J.: 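This is the structure I have questions about; it appears just below.
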Amino acid sequence: MGLAQKQPELANKVDESLTKEYLNTLTLVERLHRQLLDVVKNELDRTGSSQVNPVQALLLFNIGDDRLTAGELRSRGHYLGSNVSYNLKKLVQADYLSHQRSPTDKRAVHVCLTEKGQEVRQVIQVLFDRQLRSLEPVANVGVSELEKLNGALLRLERYWTDHIRFQL
């Protein structure tokens with residue numbers, strides 16, 4: 001019996017409410033990521049910082065005060081490989097990042113924020129600080145809800161990682 005023939009049999013054994021909630025979660029994760037990028041774009045436009053795109057702005061925010069390689073950014077789980085390389089190159093060219101070859105591994109390039117990059121990072125920090133002040137009173141989302149959500153998302157991430165690693 002082929003794989004295509006086994007899948008419908010397995011699908012019948014899955015709880016319908018679990019299926020519905022899992023598919024809803026997948027949709028929400030995708031939609032929330034797009035909405036985060038829209039929120040960041042709106043803030044960049046509002047503050048006149050729209051020389052970078054939202055992905056680049058979040059990249060600058062996540063680099064922060066660190067000196068990192070593209071590989072380290074990928075390993076933190078924020079970005080896809082080619083996405084990081086492309087955006088780092090564009091940010092270096094536009095003087096948001098400075099780069100320097102690693103003294104120990106000549107293949108690795110370390111990047112850090114320039115003053116221009118720090119300005120974009122600050123725009124995003126102010127946005128997130130403003131959101132944090134209104135998160136609980138406006139959205140009724142507090143620490144306990146975020147802890148539960150983050151715990152569930154981390155378990156889902158581990159599940160997907162294991163799914164890939166062990167070919168489940």
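Since this is a predicted model, take the numbers as computed values, not measurements.
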J.: Give every donor-acceptor pair under 3.5 Å between a side-chain atom in residues 51-58 and any protein atom, sequence neighbours left out.
T.:
unit_1, atom_1, unit_2, atom_2, d
Asn53, OD1, Val55, N, 3.0
Asn53, OD1, Gln56, N, 2.7
Gln56, OE1, Asn53, N, 3.0
Gln56, NE2, Asn87, OD1, 3.0

J.: What's the spacing between Gln118 CD and Gln125 CD if we round to 0.5 Å?
T.: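 Atom-to-atom, Gln118:CD and Gln125:CD are 10.5 Å apart.
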
J.: Would a 4.5 Å heavy-atom cut-off, applied to side chains only, mark Asp65 and Leu113 as touching?
T.: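 No, too far: nothing below the 4.5 Å cut-off.
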
J.: Looking only at non-hydrogen atoms, find the nearest pair between Lys116 and Ala94 and report the distance.
T.: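 Heavy atoms of Lys116 and Ala94 come nearest at NZ-O, 2.9 Å.
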
J.: If you look at every heavy atom in Arg74 and Ser85, which pair is closest and at what distance?
T.: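 Shortest heavy-atom contact: NH1-OG, 4.0 Å.
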
J.: I need the minimum non-hydrogen distance between Arg46 and Arg130, along with the two atoms involved.
T.: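 Scanning both residues completely, I find the closest heavy atoms to be NH2-NH1, 3.4 Å.
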
J.: Show the nearest heavy-atom pair for residues Cys112 and Arg67, with the distance to one decimal.
T.: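 In terms of heavy atoms, the two residues are closest at SG-NH2, 3.5 Å.
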
J.: May I ask whether Tyr159 and Leu23 are part of the same hydrophobic cluster, defined by side-chain heavy atoms of I, L, V, M, F, W, Y residues being less than 4.5 angstrom apart, directly or through others?
T.: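 Yes: a chain of side-chain contacts under 4.5 Å links Tyr159 to Leu23.
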
J.: Donor-acceptor pairs are to be reported for all side-chain atoms of residues 33-42 against protein atoms at under 3.5 Å, with residues two or more places apart or in another chain.
T.:
unit_1, atom_1, unit_2, atom_2, d
Lys41, NZ, Asp45, OD2, 2.8

J.: Go through the steps to decide whether Val123 and Glu119 satisfy the test side chain to side chain contact (heavy atoms under 4.5 Å, CB included), and finish with yes or no.
T.: CA-CA 6 Å; Val123 166; Glu119 290 171 7; 5.9 Å; no

J.: How far apart are the closest heavy atoms of Val92 and His99, and which atoms are they?
T.: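 That would be CG1-ND1, 3.2 Å.
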
J.: Determine, stepwise, if the pair Leu60 / Leu91 fulfils side chain to side chain contact (heavy atoms under 4.5 Å, CB included).
T.: CA-CA 9 Å; Leu60 293 170; Leu91 290 166; 4.0 Å; yes

J.: About how many Å separate CG of Leu88 and CD of Gln93, when rounded to the nearest 0.5 Å?
T.: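 Gln93 CD to Leu88 CG: 11.0 Å, rounded to 0.5 Å.
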
J.: Say whether, by atom type as modelled, one donor and one acceptor occur between the side chain of Glu30 and the main chain of Thr27 under 3.5 angstrom.
T.: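 Side chain of Glu30 to backbone of Thr27, a donor-acceptor pair under 3.5 Å: no, none is there.
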
J.: Which value, rounded to the nearest 0.5 Å, describes the distance between Glu145 atom CD and Asn140 atom CG?
T.: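 The CG atom of Asn140 is 6.5 Å from CD of Glu145, to the nearest 0.5 Å.
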
J.: Return yes if some donor-acceptor pair links the side-chain N/O of Thr114 with the main-chain N/O of Tyr96 below 3.5 Å, else return no.
T.: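 Such a contact is found between Thr114 side chain and Tyr96 backbone.
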
J.: Can you tell me how far CG of Asn24 sits from CZ of Arg31, rounded to the nearest 0.5 angstrom?
T.: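 Going from the CZ atom of Arg31 to the CG atom of Asn24 covers 7.5 Å.
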
J.: Going by ring pair (Phe, Tyr, Trp, His ring centres under 6.0 Å), name the residues that satisfy it together with Phe128, two or more places apart in sequence or in a different chain.
T.: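 Phe128: ring pair (Phe, Tyr, Trp, His ring centres under 6.0 Å) contacts with Phe61.
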
J.: In Å, rounded to the nearest 0.5 Å, how long is the span from CG of Leu73 to CG of Leu68?
T.: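 Rounded to the nearest 0.5 Å, the CG-CG separation comes to 5.0 Å.
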
J.: Between atom NE2 of His110 and atom CG of Asp66, what is the distance when rounded to the nearest 0.5 Å?
T.: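 The NE2 atom of His110 sits 10.5 Å away from the CG atom of Asp66.
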
J.: Are Val29 and Leu149 connected in the hydrophobic side-chain network, where two residues link if heavy atoms are under 4.5 Å apart?
T.: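 Yes.
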
